[in-house]
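I have placed the structure first, in the form of C-alpha coordinates, so that the comments after it can refer back to it.
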Protein chains: 2
Amino acid sequence: MANDSSYKDKKVITIGIVRDLTGLSERQIRYYEERKLIFPERSPGGSRKYSFADVELLVEIANKIEDGVQTHEIRKEMLRAQKKQNQTDVTRKMIQGQLNAQFGLRKGPSSK
Amino acid sequence: MANDSSYKDKKVITIGIVRDLTGLSERQIRYYEERKLIFPERSPGGSRKYSFADVELLVEIANKIEDGVQTHEIRKEMLRAQKKQNQTDVTRKMIQGQLNAQFGLRKGPSSK
DNA sequence: CGTGTAAGGAATTCTGACACG
DNA sequence: CGTGTAAGGAATTCTGACACG
(Lines give C-alpha, C1' and ligand atoms only; values in the text may rest on other atoms or scores of the structure.)
Protein backbone atom coordinates (compact mmCIF):
# COMPACT_ATOMS: atom_id res chain seq x y z
CA MET A 1 0.00 0.00 0.00
CA ALA A 2 3.01 2.27 0.50
CA ASN A 3 4.85 3.70 -2.44
CA ASP A 4 7.75 2.24 -4.42
CA SER A 5 10.35 3.83 -2.12
CA SER A 6 12.87 2.10 -4.28
CA TYR A 7 15.76 3.84 -5.98
CA LYS A 8 14.39 7.18 -7.14
CA ASP A 9 13.97 8.65 -3.68
CA LYS A 10 16.99 7.29 -1.87
CA LYS A 11 19.45 10.00 -0.91
CA VAL A 12 22.74 8.49 -1.98
CA ILE A 13 24.32 10.87 -4.47
CA THR A 14 27.05 13.32 -3.44
CA ILE A 15 27.16 16.85 -4.76
CA GLY A 16 29.99 16.27 -7.22
CA ILE A 17 27.98 13.58 -8.98
CA VAL A 18 24.91 15.79 -8.96
CA ARG A 19 27.01 18.50 -10.56
CA ASP A 20 28.03 16.11 -13.33
CA LEU A 21 24.49 14.79 -13.74
CA THR A 22 22.83 18.20 -13.96
CA GLY A 23 25.53 20.42 -15.39
CA LEU A 24 24.92 22.90 -12.59
CA SER A 25 27.69 24.32 -10.43
CA GLU A 26 28.03 23.26 -6.81
CA ARG A 27 27.40 26.88 -5.95
CA GLN A 28 24.04 26.79 -7.66
CA ILE A 29 23.06 23.50 -6.06
CA ARG A 30 23.90 24.78 -2.59
CA TYR A 31 22.16 28.07 -3.23
CA TYR A 32 18.89 26.38 -4.18
CA GLU A 33 19.08 24.55 -0.88
CA GLU A 34 19.63 27.85 0.92
CA ARG A 35 16.46 29.09 -0.77
CA LYS A 36 14.55 26.03 0.47
CA LEU A 37 13.98 24.51 -2.93
CA ILE A 38 15.85 21.29 -2.34
CA PHE A 39 16.49 19.22 0.78
CA PRO A 40 19.45 16.86 0.68
CA GLU A 41 20.25 14.63 3.62
CA ARG A 42 23.64 14.72 5.29
CA SER A 43 26.28 12.12 5.97
CA PRO A 44 27.58 11.92 9.55
CA GLY A 45 30.52 14.05 8.41
CA GLY A 46 28.24 16.70 6.90
CA SER A 47 28.37 15.85 3.18
CA ARG A 48 25.16 16.40 1.25
CA LYS A 49 23.31 13.39 -0.18
CA TYR A 50 20.75 13.71 -2.98
CA SER A 51 18.27 11.36 -4.67
CA PHE A 52 17.56 10.93 -8.37
CA ALA A 53 14.30 12.75 -7.71
CA ASP A 54 16.35 15.64 -6.34
CA VAL A 55 18.50 15.62 -9.46
CA GLU A 56 15.42 15.92 -11.65
CA LEU A 57 13.97 18.63 -9.46
CA LEU A 58 17.20 20.59 -9.69
CA VAL A 59 17.03 20.56 -13.45
CA GLU A 60 13.47 21.86 -13.34
CA ILE A 61 14.47 24.59 -10.93
CA ALA A 62 17.38 25.62 -13.12
CA ASN A 63 15.09 25.79 -16.15
CA LYS A 64 12.67 28.08 -14.36
CA ILE A 65 15.45 30.36 -13.21
CA GLU A 66 16.69 30.55 -16.78
CA ASP A 67 13.19 31.70 -17.68
CA GLY A 68 13.55 34.53 -15.20
CA VAL A 69 11.48 33.06 -12.39
CA GLN A 70 12.86 33.98 -8.97
CA THR A 71 13.60 31.37 -6.33
CA HIS A 72 10.91 32.82 -4.12
CA GLU A 73 8.31 32.28 -6.84
CA ILE A 74 9.53 28.78 -7.49
CA ARG A 75 9.22 28.02 -3.83
CA LYS A 76 5.65 29.22 -3.75
CA GLU A 77 4.83 27.11 -6.80
CA MET A 78 6.27 24.08 -5.09
CA LEU A 79 4.32 24.70 -1.91
CA ARG A 80 1.13 24.98 -3.93
CA ALA A 81 1.83 21.71 -5.73
CA GLN A 82 2.66 20.14 -2.39
CA LYS A 83 -0.60 21.30 -0.87
CA LYS A 84 -2.58 20.00 -3.81
CA GLN A 85 -0.89 16.62 -3.44
CA ASN A 86 -1.65 16.52 0.25
CA GLN A 87 -5.29 17.26 -0.49
CA THR A 88 -5.35 14.44 -3.02
CA ASP A 89 -3.94 12.10 -0.41
CA VAL A 90 -6.49 13.14 2.16
CA THR A 91 -9.32 12.71 -0.31
CA ARG A 92 -8.10 9.32 -1.34
CA LYS A 93 -7.85 8.20 2.27
CA MET A 94 -11.31 9.50 3.08
CA ILE A 95 -12.85 7.66 0.18
CA GLN A 96 -10.97 4.56 1.17
CA GLY A 97 -12.31 4.97 4.69
CA GLN A 98 -15.87 5.29 3.37
CA LEU A 99 -15.49 2.16 1.32
CA ASN A 100 -14.07 0.24 4.24
CA ALA A 101 -16.89 1.39 6.49
CA GLN A 102 -19.54 0.48 3.93
CA PHE A 103 -18.19 -2.80 2.68
CA GLY A 104 -15.47 -3.74 5.14
CA LEU A 105 -12.99 -4.76 2.49
CA ARG A 106 -9.71 -6.41 3.54
CA LYS A 107 -7.95 -5.79 6.84
CA GLY A 108 -11.08 -6.55 8.80
CA PRO A 109 -10.68 -8.91 11.75
CA SER A 110 -10.15 -12.00 9.64
CA SER A 111 -9.36 -14.83 12.03
CA LYS A 112 -9.54 -15.27 15.82
CA MET B 1 13.48 -1.37 -27.58
CA ALA B 2 16.42 -0.67 -25.29
CA ASN B 3 16.17 -1.31 -21.58
CA ASP B 4 15.02 0.99 -18.81
CA SER B 5 18.53 2.38 -18.25
CA SER B 6 16.93 4.51 -15.59
CA TYR B 7 18.12 4.70 -12.02
CA LYS B 8 19.08 1.18 -11.06
CA ASP B 9 22.11 0.95 -13.31
CA LYS B 10 23.53 4.46 -13.09
CA LYS B 11 26.88 4.54 -11.35
CA VAL B 12 26.45 7.42 -8.96
CA ILE B 13 27.08 6.08 -5.47
CA THR B 14 30.41 6.56 -3.70
CA ILE B 15 31.98 3.84 -1.61
CA GLY B 16 31.11 5.36 1.74
CA ILE B 17 27.41 5.31 0.87
CA VAL B 18 27.71 1.76 -0.42
CA ARG B 19 29.31 0.82 2.89
CA ASP B 20 26.35 2.29 4.76
CA LEU B 21 23.84 0.70 2.39
CA THR B 22 25.32 -2.80 2.53
CA GLY B 23 26.94 -2.94 5.93
CA LEU B 24 30.14 -4.18 4.33
CA SER B 25 33.54 -2.63 5.01
CA GLU B 26 35.26 -0.57 2.36
CA ARG B 27 37.99 -3.18 2.46
CA GLN B 28 35.53 -5.89 1.49
CA ILE B 29 33.99 -3.81 -1.27
CA ARG B 30 37.38 -3.06 -2.80
CA TYR B 31 38.48 -6.65 -2.45
CA TYR B 32 35.50 -7.97 -4.38
CA GLU B 33 36.46 -5.59 -7.14
CA GLU B 34 40.01 -6.91 -7.06
CA ARG B 35 38.53 -10.37 -7.51
CA LYS B 36 36.54 -9.17 -10.55
CA LEU B 37 33.15 -9.58 -8.96
CA ILE B 38 32.11 -5.97 -9.16
CA PHE B 39 32.96 -3.19 -11.61
CA PRO B 40 32.48 0.36 -10.38
CA GLU B 41 33.18 3.30 -12.62
CA ARG B 42 35.60 6.02 -11.61
CA SER B 43 35.34 9.75 -11.21
CA PRO B 44 37.99 11.85 -12.97
CA GLY B 45 39.81 12.00 -9.64
CA GLY B 46 39.72 8.22 -9.20
CA SER B 47 36.85 7.74 -6.76
CA ARG B 48 34.73 4.64 -7.26
CA LYS B 49 31.11 5.02 -8.35
CA TYR B 50 28.53 2.23 -7.92
CA SER B 51 24.94 1.67 -9.03
CA PHE B 52 22.02 0.36 -7.02
CA ALA B 53 22.39 -2.85 -8.99
CA ASP B 54 25.97 -3.02 -7.77
CA VAL B 55 24.80 -2.53 -4.21
CA GLU B 56 22.42 -5.46 -4.53
CA LEU B 57 25.05 -7.60 -6.15
CA LEU B 58 27.47 -6.85 -3.34
CA VAL B 59 24.97 -8.09 -0.80
CA GLU B 60 24.54 -11.32 -2.75
CA ILE B 61 28.29 -11.77 -2.97
CA ALA B 62 28.70 -11.20 0.74
CA ASN B 63 26.00 -13.77 1.47
CA LYS B 64 27.72 -16.40 -0.61
CA ILE B 65 31.04 -15.73 1.05
CA GLU B 66 29.37 -16.13 4.40
CA ASP B 67 28.22 -19.52 3.15
CA GLY B 68 31.82 -20.43 2.49
CA VAL B 69 31.84 -19.97 -1.28
CA GLN B 70 35.17 -18.64 -2.52
CA THR B 71 35.40 -15.55 -4.71
CA HIS B 72 36.73 -17.64 -7.55
CA GLU B 73 33.64 -19.84 -7.45
CA ILE B 74 31.35 -16.86 -7.28
CA ARG B 75 33.08 -15.40 -10.29
CA LYS B 76 32.53 -18.57 -12.26
CA GLU B 77 28.87 -18.64 -11.30
CA MET B 78 28.51 -15.08 -12.49
CA LEU B 79 30.18 -15.81 -15.79
CA ARG B 80 27.86 -18.75 -16.31
CA ALA B 81 24.81 -16.61 -15.61
CA GLN B 82 26.20 -13.96 -17.87
CA LYS B 83 26.69 -16.42 -20.70
CA LYS B 84 23.19 -17.76 -20.30
CA GLN B 85 21.81 -14.25 -20.48
CA ASN B 86 23.80 -13.52 -23.64
CA GLN B 87 22.42 -16.69 -25.19
CA THR B 88 18.91 -15.61 -24.31
CA ASP B 89 19.54 -12.27 -25.97
CA VAL B 90 20.89 -13.89 -29.11
CA THR B 91 17.93 -16.25 -29.29
CA ARG B 92 15.49 -13.43 -28.81
CA LYS B 93 17.13 -11.40 -31.55
CA MET B 94 17.19 -14.37 -33.93
CA ILE B 95 13.51 -15.03 -33.41
CA GLN B 96 12.81 -11.36 -33.87
CA GLY B 97 14.78 -11.46 -37.10
CA GLN B 98 12.80 -14.46 -38.31
CA LEU B 99 9.55 -12.70 -37.59
CA ASN B 100 10.65 -9.58 -39.35
CA ALA B 101 11.78 -11.57 -42.40
CA GLN B 102 8.51 -13.50 -42.53
CA PHE B 103 6.05 -10.73 -41.81
CA GLY B 104 8.03 -7.51 -42.08
CA LEU B 105 6.60 -6.01 -38.93
CA ARG B 106 7.40 -2.35 -38.12
CA LYS B 107 10.59 -0.58 -39.16
CA GLY B 108 10.03 -1.62 -42.77
CA PRO B 109 10.36 1.17 -45.35
CA SER B 110 7.10 2.82 -44.43
CA SER B 111 6.86 6.04 -46.40
CA LYS B 112 8.93 7.59 -49.21
C1' DC C 1 41.71 -16.65 1.34
C1' DG C 2 39.32 -12.85 3.10
C1' DT C 3 39.71 -9.00 6.03
C1' DG C 4 41.59 -5.48 9.45
C1' DT C 5 44.59 -1.70 10.01
C1' DA C 6 48.02 2.21 10.06
C1' DA C 7 50.26 5.43 6.59
C1' DG C 8 50.61 9.16 3.53
C1' DG C 9 48.69 11.58 -0.03
C1' DA C 10 45.19 13.27 -3.15
C1' DA C 11 40.40 14.34 -4.27
C1' DT C 12 36.05 15.91 -2.39
C1' DT C 13 33.12 18.72 0.29
C1' DC C 14 32.03 22.31 3.70
C1' DT C 15 31.25 27.09 5.42
C1' DG C 16 31.50 32.08 5.43
C1' DA C 17 32.85 35.96 2.87
C1' DC C 18 33.81 39.26 -0.83
C1' DA C 19 32.58 40.58 -5.54
C1' DC C 20 29.47 41.88 -9.36
C1' DG C 21 25.40 43.60 -11.15
C1' DC D 1 19.15 38.19 -6.95
C1' DG D 2 21.90 34.54 -8.52
C1' DT D 3 26.49 33.06 -9.16
C1' DG D 4 31.74 32.98 -9.29
C1' DT D 5 35.78 32.57 -6.60
C1' DA D 6 39.74 32.21 -3.24
C1' DA D 7 40.54 30.45 1.62
C1' DG D 8 41.20 27.23 5.15
C1' DG D 9 39.78 23.20 7.17
C1' DA D 10 37.56 18.76 7.67
C1' DA D 11 35.72 14.50 5.74
C1' DT D 12 36.29 11.10 2.11
C1' DT D 13 38.73 8.08 -0.77
C1' DC D 14 42.89 5.94 -2.80
C1' DT D 15 46.87 2.70 -3.04
C1' DG D 16 50.31 -0.51 -1.37
C1' DA D 17 51.76 -3.03 2.48
C1' DC D 18 51.97 -5.76 6.73
C1' DA D 19 49.37 -8.92 9.67
C1' DC D 20 46.60 -13.05 10.77
C1' DG D 21 45.05 -17.48 9.95
Side-chain angles (χ1 to χ4, degrees), chain A residues 10-79, chain B residues 10-79:
Chain A
K10 276 217 158 179
K11 309 261 186 175
V12 297
I13 314 178
T14 51
I15 196 166
I17 308 272
V18 174
R19 168 175 38 66
D20 296 343
L21 252 31
T22 61
L24 301 174
S25 68
E26 295 181 21
R27 182 68 165 96
Q28 289 174 301
I29 298 169
R30 294 199 188 97
Y31 181 67
Y32 302 156
E33 177 183 0
E34 188 183 318
R35 302 316 309 275
K36 312 277 179 152
L37 300 180
I38 192 88
F39 303 92
E41 290 182 358
R42 297 280 182 146
S43 77
S47 298
R48 271 167 266 250
K49 301 187 298 180
Y50 301 85
S51 67
F52 280 109
D54 290 333
V55 169
E56 294 178 5
L57 180 53
L58 279 168
V59 172
E60 287 179 40
I61 292 169
N63 285 337
K64 288 182 185 170
I65 287 184
E66 271 189 299
D67 293 345
V69 187
Q70 293 194 182
T71 55
H72 190 250
E73 279 309 312
I74 299 175
R75 176 155 166 70
K76 279 195 285 187
E77 282 179 41
M78 288 174 54
L79 288 176
Chain B
K10 277 217 156 178
K11 310 260 186 176
V12 298
I13 313 179
T14 51
I15 198 168
I17 309 272
V18 173
R19 168 176 37 66
D20 296 344
L21 252 31
T22 60
L24 301 175
S25 69
E26 296 181 20
R27 181 67 165 98
Q28 288 174 301
I29 298 168
R30 294 200 188 97
Y31 181 68
Y32 301 157
E33 177 182 359
E34 188 183 317
R35 302 315 309 273
K36 312 276 181 152
L37 300 180
I38 193 88
F39 303 93
E41 290 181 358
R42 296 279 182 149
S43 78
S47 297
R48 273 166 265 250
K49 300 187 298 179
Y50 302 85
S51 67
F52 280 109
D54 289 334
V55 169
E56 293 178 5
L57 180 53
L58 279 169
V59 171
E60 288 179 40
I61 292 169
N63 284 338
K64 288 181 184 172
I65 287 185
E66 271 189 298
D67 293 345
V69 187
Q70 293 193 183
T71 56
H72 191 250
E73 279 308 312
I74 298 175
R75 175 154 166 71
K76 280 195 285 187
E77 282 180 40
M78 287 175 54
L79 288 176

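The chains referred to below are lettered A, B, ... by the order of the sequence lines, with proteins before strands, and numbering in each begins at 1. Since the structure is predicted, the reported quantities are computational estimates derived from the model, not experimental observations.
Of all non-hydrogen atoms in A:Y50 and A:E33, the two that sit nearest each other are OH-OE1, 4.2 Å. Between B:M78 and B:L37 the shortest heavy-atom distance is CE-O, 3.3 Å. Residues B:R19 and B:L24 share a closest heavy-atom pair of CG-O, 3.2 Å.
Regarding contacts with the backbone of C:dT12, every side-chain N or O of A:T14 stays at 4.0 angstrom or more from both OP1 and OP2. OP1 or OP2 of D:dC14 lies within a sub-4.0 Å distance of a side-chain N or O belonging to B:R48. Of the side-chain N and O atoms in A:Y31, one or more sit less than 4.0 angstrom from OP1 or OP2 of D:dG2. The side chain of A:S47 places no N or O atom within less than 4.0 Å of a non-bridging phosphate oxygen (OP1 or OP2) of C:dC14.
Two residues, A:S43 and A:Q70, neighbour DNA chain D, and the one matched to the more 5' nucleotide by heavy-atom proximity is A:Q70. Take the nearest nucleotide of DNA chain D for A:V69 and for A:G46: the residue whose nucleotide is more 5' is A:V69.
We find that CD1 of A:I29 is positioned 14 Å from C1' of C:dC14, with the value rounded to whole Å. The distance from atom CD1 of B:I65 to atom P of C:dG4 is 11 Å, rounded to the nearest whole Å. Regarding B:R30, its CZ atom lies at a distance of 16 Å from the P atom of D:dA17, rounded to whole Å. As rounded to whole Å, 16 Å separates atom C1' of C:dG16 from atom CD of A:E26. At whole-Å resolution of the value, CD in B:E34 and C1' in D:dT15 are 11 Å apart. Across the protein-nucleic acid pair, A:Y50 atom OH and C:dC14 atom C1' stand 11 Å apart, rounded to whole Å. Taking atom CD1 on A:I15 and atom C1' on C:dC14, their separation rounds to 9 Å, with Å as the unit. In this structure, A:L37 places its CG atom 11 Å from P of D:dT3, rounding to the nearest Å.
If you check D:dT12 for Watson-Crick or wobble pairing at under 3.5 angstrom, you find it paired to C:dA10. As the counterpart of C:dG2, D:dC20 is assigned, both hydrogen-bonding distances of the Watson-Crick or G-U wobble pattern falling under 3.5 Å.
Each of D:dG4, D:dT13, C:dT3 was ranked by its minimum atom distance to the side chain of B:Y32; first place goes to C:dT3. Taking every side-chain heavy atom of B:R42 into account, D:dC14 is the closest of C:dG2, C:dG4, D:dC14.
You'll find a donor-acceptor pair under 3.5 Å spanning the side chain of A:R27 and the base of D:dT5, going by distance alone.
Each of B:E73, B:E77, B:Q70 was checked for a side chain to side chain donor-acceptor pair (under 3.5 Å) with B:K64, and the lone residue meeting it is B:E77.
Contacts of B:R35 with the nucleic acid, taken as non-hydrogen atoms under 4.0 Å apart, involve only primed sugar atoms and P, OP1 or OP2.
One distance of note links OG1 of A:T22 with CG of A:L57; it measures 11.5 Å at 0.5 Å rounding.
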